[in-house]
*Asks:* 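Could you have a look at this structure, given as structure tokens, before my questions?
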Amino acid sequence: MTAADRIRAELAQAARDIGADPLVEPIIERPRDTSLGDWTTNLAMTLARPLRKRPAEIAGLLRDRMSLADAGVERVDIAGPGFMNFWLDPSLIAEAVRDIVGQNETFGRSDAGRGELVNVEFVSANPTGPLHVGHGRQAALGDAISTLLEWTGWTVSREFYYNDAGAQIENLAASVKASIAALSGGSAEIPEGGYHGEYIREIAEKFEKLGKDADTRRGGRNADSDAIRDFAVAELRSEQDLDLQAFGVSFDTYFLESSLYGDGKVEETADALTAAGMTYELDGALWLRTSSFGDDKDRVMRKRDGTYTYFLPDVAYHVTKWQRGFHRAIDVQGADHHSTVTRVRAGLQALGIGITPDYPEYVLHQMVTVMKSGEEVRISKRAGSYVTVRDLVNEVGRDAVRFFFLMRKSDSQLVFDVDVALKQSEENPVYYVQMAHARMCGIFRVGEIDRETFSTDGIDLGVLREPEEQELIKALADFPQAVDGAAAALEPHRIATYLSETARLAHLWYHKHHVLGQAEDIVRARLALARAAQIVIRNGLRILGIGAPERM
RNA sequence: GCGCCAGUAGCUCAGUUGGAUAGAGCAACAGCCUUCUAAGCUGUGGGUCGGGGGUUCGAUUCCCUCCUGGCGCGCCA
């Protein structure tokens, strides 16, 4: 039971004693300004109305009824409009260091998810081109969200959905075919809406070469569309795999849209929707009554030509998620796809098979723009000017790319400044955090002490009373709460923000107070603090999928 | 026209789900290298929280309205 828990319990008891609602749950927070105390509560203000008393009066009554010594509280101030500010015994605060060092790699983990299954789908790019920076943001987000959920006790499955069926794929095939024809002097043009990137020509060349080297494929001008399409999709999938590998992201499942046609799931879903009375024919197409489930208007699910629109397989796909036991699913997508949210959910509700209305959950992210030498790098798949994830990783490194993608909340637009990411200086936030970690490691290296076997047994942590020490320890002790909050909100950027702040406090402490060469009891206690800071920063970086170097 | 997202210091952005005098980094200015990494640290200045209403003890946060920007509104995905 932490000090905050004990204060909370004491407050609840005192509130009941003075006639508050027995179900009251006091909220304890860190004060905005650390000079105001270690913990604060606005309980007296929230009780003012029901108890019909002035907040300050209530605060006084509460304070009189609390057993403060039991909660480790040295002093309670009543301040401002009615805040109660608690000051803890510094030795008690310092004891957090012992917990952190003891828990080591598990510090920050919780079991809130109770081992339940959750599916996290991300990237899910069409195999029609390399992964660009937008996919990179999504890969970083999805992976970090997955890890956050693992840290809070969920059993996570990372999933990549390939849209390897449909009109865009035919578009791709036609583009490659035209490019093949052009190679042998033909004048065939890439069709309207086709793809023009350099990679199209590369695929065409590769296809030609294979066709000539081995007889396994019919190359050249006579190549049929099926062979070209299959070849192009396979090529691009393996290219995307290399992109993801460069970024250090891996998946538990790669799910092919085409398989939903192969095993009849698409047909099955369409039939079930019709059987449920949720469809109607109009203008030769089959419509789904999505407007009955919050959409602006009904949507076509089967086109006049007999093929399905993208969202029907999407519905079928999410049915499989539910059936595979994932009663919680999170989709990470670009905000340009936000219109699918209502549609997919509507389709799932229309089936009436007990899927919850807010299934799946969506994390939408805004666009990424890349700045280089002060200019925006235009990203256009069709035109071919292009910044791929791999380009970016090769240029600035995986850790910087990940941190940059994760340090902003997903629903704000992100400017990726390549020049800043390349700087190995304080301007670059990822170096700032990693440097703090390396410094903590450096103390142990110089002191020739083994970090991993270091124990706090018998160390008097009560000597860690310097203001910088107390502030750092409080920040470190808040890490589990930061993880819980970030996981609950599906917002990894909170961890990035937390790390920047904690790194700042670690640098500050490091600079002001030496560890080695002090009195023996001080050295031992400060080593413990350095170890605790190193553990917390490393754990936080690990959640974001970023390395924690021991030296830089 | 409708929907979603955003608008906070010169710039890039946080703001713990309604709390105290709104924070950080960069940039600017002033300092700090015989000590565990100066790839760093300390200090100073900088704000009508896009505008206007409302809800209440209290609003950057919730509601309404307007302005600006991005995305979407397809029998493309």
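Every value quoted in this text rests on a predicted model; they were computed, and no experiment measured them. Protein chains get the first letters and strands the later ones, always in sequence-line order, with residue 1 at the start of each.
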*Asks:* Report, one pair per line, the protein and nucleotides 9-12 of chain B atoms (nitrogen or oxygen only) whose separation is under 3.5 Å.
*Replies:*
| unit_1 | atom_1 | unit_2 | atom_2 | d |
| --- | --- | --- | --- | --- |
| B:rU12 | O2' | A:Arg408 | NH2 | 2.5 |

*Asks:* Below 3.5 Å between N/O atoms, which protein atoms pair up with nucleotides 15-21 of chain B? Just atom names and distances, please.
*Replies:*
| unit_1 | atom_1 | unit_2 | atom_2 | d |
| --- | --- | --- | --- | --- |
| B:rG15 | OP1 | A:His493 | NE2 | 3.1 |
| B:rG19 | N7 | A:Asn42 | ND2 | 2.8 |
| B:rA20 | OP2 | A:Arg32 | NE | 2.5 |
| B:rA20 | OP2 | A:Arg32 | NH2 | 3.0 |
| B:rA20 | N6 | A:Thr40 | OG1 | 2.7 |
| B:rA20 | N6 | A:Asn85 | OD1 | 2.8 |
| B:rA20 | N1 | A:Asn85 | OD1 | 3.2 |
| B:rA20 | N1 | A:Asn85 | ND2 | 2.9 |

*Asks:* Should A:Tyr498 be listed as having a side-chain N or O under 4.0 Å from OP1 or OP2 of B:rA24?
*Replies:*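 No, outside the criterion.
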
*Asks:* Would you jot down, in residue-number order, the residues of residues 516-532 of chain A having a non-hydrogen atom under 4.0 Å from RNA chain B?
*Replies:*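 A:Leu516, in order of number.
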
*Asks:* Would you jot down, in residue-number order, the residues of residues 308-318 of chain A having a non-hydrogen atom under 4.0 Å from RNA chain B?
*Replies:*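 Per residue number, the list reads A:Thr309, A:Tyr310.
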
*Asks:* Strictly under 3.5 Å: I want the nitrogen or oxygen pairs between protein and nucleotides 28-35 of chain B, one per line.
*Replies:*
none

*Asks:* So, using salt bridge (charged side-chain N to carboxylate O under 4.0 Å, His left out) as the criterion, who are the partners of A:Lys303 when residues are at least two apart?
*Replies:*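 In terms of salt bridge (charged side-chain N to carboxylate O under 4.0 Å, His left out), with neighbours along the sequence ignored, A:Lys303 is linked to no residue.
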
*Asks:* Going by the rule side-chain hydrogen bond (donor to acceptor under 3.5 Å, both in side chains), which residues pair with A:Arg137 if we only count those two or more places apart in sequence or in a different chain?
*Replies:*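 For A:Arg137, no residue satisfies side-chain hydrogen bond (donor to acceptor under 3.5 Å, both in side chains) once neighbours in sequence are set aside.
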
*Asks:* Applying side-chain hydrogen bond (donor to acceptor under 3.5 Å, both in side chains), name anything that partners A:Glu469, two or more places apart in sequence or on another chain.
*Replies:*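 Partners of A:Glu469 under the side-chain hydrogen bond (donor to acceptor under 3.5 Å, both in side chains) test: A:Trp509, A:Arg526.
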
*Asks:* For B:rG3, does the base pair up with any side-chain atom of A:His338 as donor and acceptor (N or O, under 3.5 Å, distance only)?
*Replies:*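 Check passes, donor-acceptor contact within cut-off.
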
*Asks:* Got a sec, which residues hit side-chain hydrogen bond (donor to acceptor under 3.5 Å, both in side chains) with A:Trp39, two or more places apart in sequence or on another chain?
*Replies:*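 For A:Trp39 there are no side-chain hydrogen bond (donor to acceptor under 3.5 Å, both in side chains) partners, ignoring immediate neighbours.
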
*Asks:* Using atom names, set out every protein N or O paired with an N or O of nucleotides 43-47 of chain B below 3.5 Å, distance rounded to 0.1 Å.
*Replies:*
none

*Asks:* Enumerate, atom names and distances included, each donor-acceptor pair closer than 3.5 Å involving a side-chain atom of residues 284-292 of chain A, sequence neighbours excluded.
*Replies:*
| unit_1 | atom_1 | unit_2 | atom_2 | d |
| --- | --- | --- | --- | --- |
| A:Trp287 | NE1 | A:Leu282 | O | 3.2 |
| A:Thr290 | OG1 | A:Asp295 | OD2 | 3.1 |
| A:Thr290 | OG1 | A:Lys297 | O | 2.9 |
| A:Ser291 | OG | A:Asp298 | OD1 | 2.6 |

*Asks:* Would you be so kind as to tabulate the donor-acceptor pairs closer than 3.5 Å made by side chains of residues 41-49 of chain A, with sequence neighbours excluded?
*Replies:*
| unit_1 | atom_1 | unit_2 | atom_2 | d |
| --- | --- | --- | --- | --- |
| A:Thr41 | OG1 | A:Ile27 | O | 2.9 |
| A:Thr41 | OG1 | A:Leu43 | N | 3.1 |
| A:Thr46 | OG1 | A:Leu43 | O | 2.8 |

*Asks:* Please tell me which of the listed nucleotides, B:rA24, B:rC73, B:rC75, lies nearest to the side chain of A:Arg304?
*Replies:*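 Closest nucleotide among those given: B:rC75.
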
*Asks:* Measure from the side-chain heavy atoms of A:Arg49 and tell me the nearest of B:rC57, B:rA77, B:rC36.
*Replies:*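 Nearest nucleotide to the side chain: B:rC57.
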
*Asks:* Would you call the rings of A:Phe454 and A:Phe444 parallel, tilted or perpendicular, where under 30° means parallel and over 60° means perpendicular?
*Replies:*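 Judged by the thresholds at 30° and 60°, the geometry between A:Phe454 and A:Phe444 is perpendicular.
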
